[in-house]
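Only one structure is covered here, and it is reproduced in the block below.
If you read the sequence from its start, that first residue is 1, and numbering goes on from there. When a ligand or atom number is given, it counts from 1 through the structure's own listing order.
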Amino acid sequence: MSRVYNFSAGPAMLPQAVLEIAQREMLDWHGSGMSIMEMSHRGKEFTTMAEKAEADLRELMSIPDNYKVLFLQGGASTQFAMIPMNLLRGKTSVDYINTGDWSKKAIAEAKHYCQVNIAASSEHNGFTSAPSQSQLTLDPNAAYVHYVPNETIRGVEFDYIPDTGDVPLVADMSSTILSRPVDVSRFGMIYAGAQKNIGPAGLTLVIIRDDLLGETLAGTPTMFDYKIHADYGSMYNTPPTYGFYLAGLVFAWLRAQGGLVAMAELNRRKAEKLYAAIDGDAFYTNPVALNQRSWMNVPFTLSDATLDAAFLQQAESRGLVTLKGHRSVGGMRASIYNAMPEAGVDALIAFMAQFSQGNCE
Ligand SMILES: *Cc1c(COP(=O)(O)O)cnc(C)c1O
């Protein structure tokens with residue numbers, strides 16, 4: 001069996017060591033005689049596993065005690081609606097920063113519930129940068145400020161955490177969570193779909209300050225109320241048990257790698273060498289402002305787009321797969337999350353140099 005280097009934006013690669021543990025434990029989890037998939041989520045075995053997963057995540061991210069960690073379903077996209085339902089708390093307007101495709105989806109959904117002010121937008125430059133703090137027009141009466149620290153499709157990542165004063169800051173960290181340490185206390189809420197940097201699709205992580213719970217919009221479904229999930233320890237109904245388990249294995253793996261400080265060092269190195277390869281070769285281009293280039297998603301174009309198909313096909317024959325850019329952007333995109341080994345980035349860089357020199361095949 002040979003594993004490829006999978007540059008998919010999501011669902012994305014998982015650490016091989018994690019998959020191997022899951023494989024070993026598939027038929028008999030810790031001597032229980034059954035798969036963890038076959039177990040009651042209310043049994044001692046599952047709840048012990050779940051508690052350890054949460055504790056490991058809290059340790060990794062240094063999550064303060066006054067924050068709840070929720071393991072939900074529905075993907076980050078469901079959060080686009082749950083956020084206004086839960087966080088308006090009697091207010092009628094919200095601030096959103098628009099830095100790309102996911103920002104826009106979040107904005108469109110929030111508009112169903114309240115007035116949305118655009119605090120800043122980088123649409124004018126084709127979403128190739130993020131606004132600076134001084135460019136944000138923030139309303140002190142907004143219920144919250146929402147932004148996407150890392151825009152997955154165009155590879156734009158904020159190089160700072162916006163200062164929103166007393167207004168809670170809400171971040172869609174789907175494609176950057178766990179890539180480096182982050183000061184959780186700066187946020188009212190952090191959320192992420194799991195399938196990029198946490199585990200398999202089907203699990204959604206929410207980290208929320210506890211004073212923001214319990215004041216939902218009238219008519220909010222029970223399943224959309226964060227307080228319900230917090231009160232029941234994410235077990236109001238059946239959580240996505242297998243995703244929960246795999247996320248727990250990933251958290252333990254991250255701790256064994258040295259935690260988020262070590263991951264940040266590795267991720268910075270992987271990203272810097274890939275951008276250096278792009279910038280150092282006139283055949284490749286990345287249009288994003290230098291200090292706002294994503295460590296996780298690296299889009300680039302070839303100077304001759306008629307060679308795109310040949311690039312993809314020859315990359316694939318070398319075990320470098322899913323490099324095709326998002327359909328709205330074209331070109332290529334290499335997603336290099338935590339689970340992408342540095343050797344995968346090195347192999348991509350070597351192939352890119354060969355290809356641009358016409359030395360392939
Ligand atoms: C992938 C992604 C989403 C969508 O996540 P789903 O779990 O598929 O709903 C939302 N926001 C960002 C930043 C993403 O990268």
Side-chain angles (χ1 to χ4, degrees), residues 6-14 70-85 96-112 116 121-123 127-130 144-159 161-162 169-180 182 187 189-208 223-224 229 234 239-240 242-244 246-247 250 267 271 288 292-299 322 324-329 333-340:
N6 175 11
F7 293 90
S8 170
M13 278 185 87
L14 287 164
L70 311 178
F71 293 82
L72 308 180
Q73 308 196 38
S77 301
T78 299
Q79 296 308 310
F80 296 163
M82 282 176 77
I83 289 162
M85 286 176 162
Y96 276 65
I97 304 174
N98 180 14
T99 52
D101 307 76
W102 292 112
S103 301
K104 283 167 84 167
K105 286 202 164 161
I107 289 165
E109 193 73 10
K111 280 183 175 166
H112 293 136
V116 178
S121 172
S122 52
E123 191 152 23
F127 296 122
T128 53
S129 70
Y144 60 86
V145 180
H146 180 279
Y147 83 122
V148 182
N150 184 68
E151 276 283 359
T152 320
I153 292 178
R154 289 165 204 271
V156 177
E157 183 148 24
F158 278 74
D159 54 348
I161 298 173
L169 178 62
V170 177
D172 176 357
M173 289 203 187
S174 294
S175 53
T176 186
I177 193 164
L178 301 174
S179 68
R180 71 188 83 190
V182 48
F187 298 86
M189 175 181 154
I190 290 168
Y191 66 104
Q195 66 274 20
K196 280 130 190 180
N197 219 9
I198 299 173
L203 172 72
T204 312
L205 201 64
V206 168
I207 302 167
I208 184 164
M223 277 295 290
F224 277 23
H229 294 290
S234 302
Y242 200 67
F244 208 139
L246 274 179
V250 170
N267 287 325
V288 178
Q292 287 155 348
R293 286 171 159 185
S294 170
W295 286 3
M296 297 283 102
N297 311 99
V298 182
T322 339
K324 193 171 169 39
H326 190 269
R327 60 193 177 282
S328 65
V329 181
R333 174 174 50 168
S335 293
I336 51 174
Y337 300 113
N338 286 340
M340 172 60 68

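No side-chain donor from either of Q79 and T204 sits under 3.5 Å from a side-chain acceptor of the other. The closest side-chain donor-acceptor pair between Y337 and N297 falls under 3.5 angstrom. A donor and an acceptor atom, one from each side chain of N6 and T322, are located under 3.5 Å apart.
Within the 4.5 Å cutoff, the side chain of I97 has heavy atoms near those of the P162 side chain. Looking at N267 and M296, their side chains come closer than 4.5 Å, going by heavy atoms from C-beta outward.
Close approach to K196 involves these atoms of ligand 1, each under 4.0 Å from a residue heavy atom: 1 (C), 2 (C), 3 (C), 14 (C), 15 (O). Of all atoms in ligand 1, listed by their number and element, those nearer than 4.0 Å to a heavy atom of V148 are 13 (C). Atoms of ligand 1 found under 4.0 Å from any heavy atom of S77, numbered from 1 in the order shown, are 4 (C), 6 (P), 9 (O). In summary, the atoms of ligand 1 found under 4.0 Å from a heavy atom of T152, numbered by their order in the structure, are 12 (C), 13 (C), 14 (C), 15 (O). Contact atoms of ligand 1 toward G75: 7 (O), 9 (O) (distance under 4.0 Å to a heavy atom of the residue).
Atom 5 (O) of ligand 1 has A76 CB, 3.5 Å as its closest protein atom, hydrogens excluded (heavy atom only).
Checked by distance only, ligand 1 and G193 stay at 3.5 Å or farther apart across all their nitrogen or oxygen atoms.
Ligand 1 has at least one atom lying under 4.0 Å from a heavy atom of Q195.
Between M223 and H229, the closest heavy-atom pair is O-NE2, 2.9 Å. Contact between Y96 and V116 at its shortest, heavy atoms only, is CD1-CG1, 3.8 Å.
Looking at D101, D172, I153, T78, it is D172 that brings a heavy atom closest to atom 12 (C) of ligand 1.
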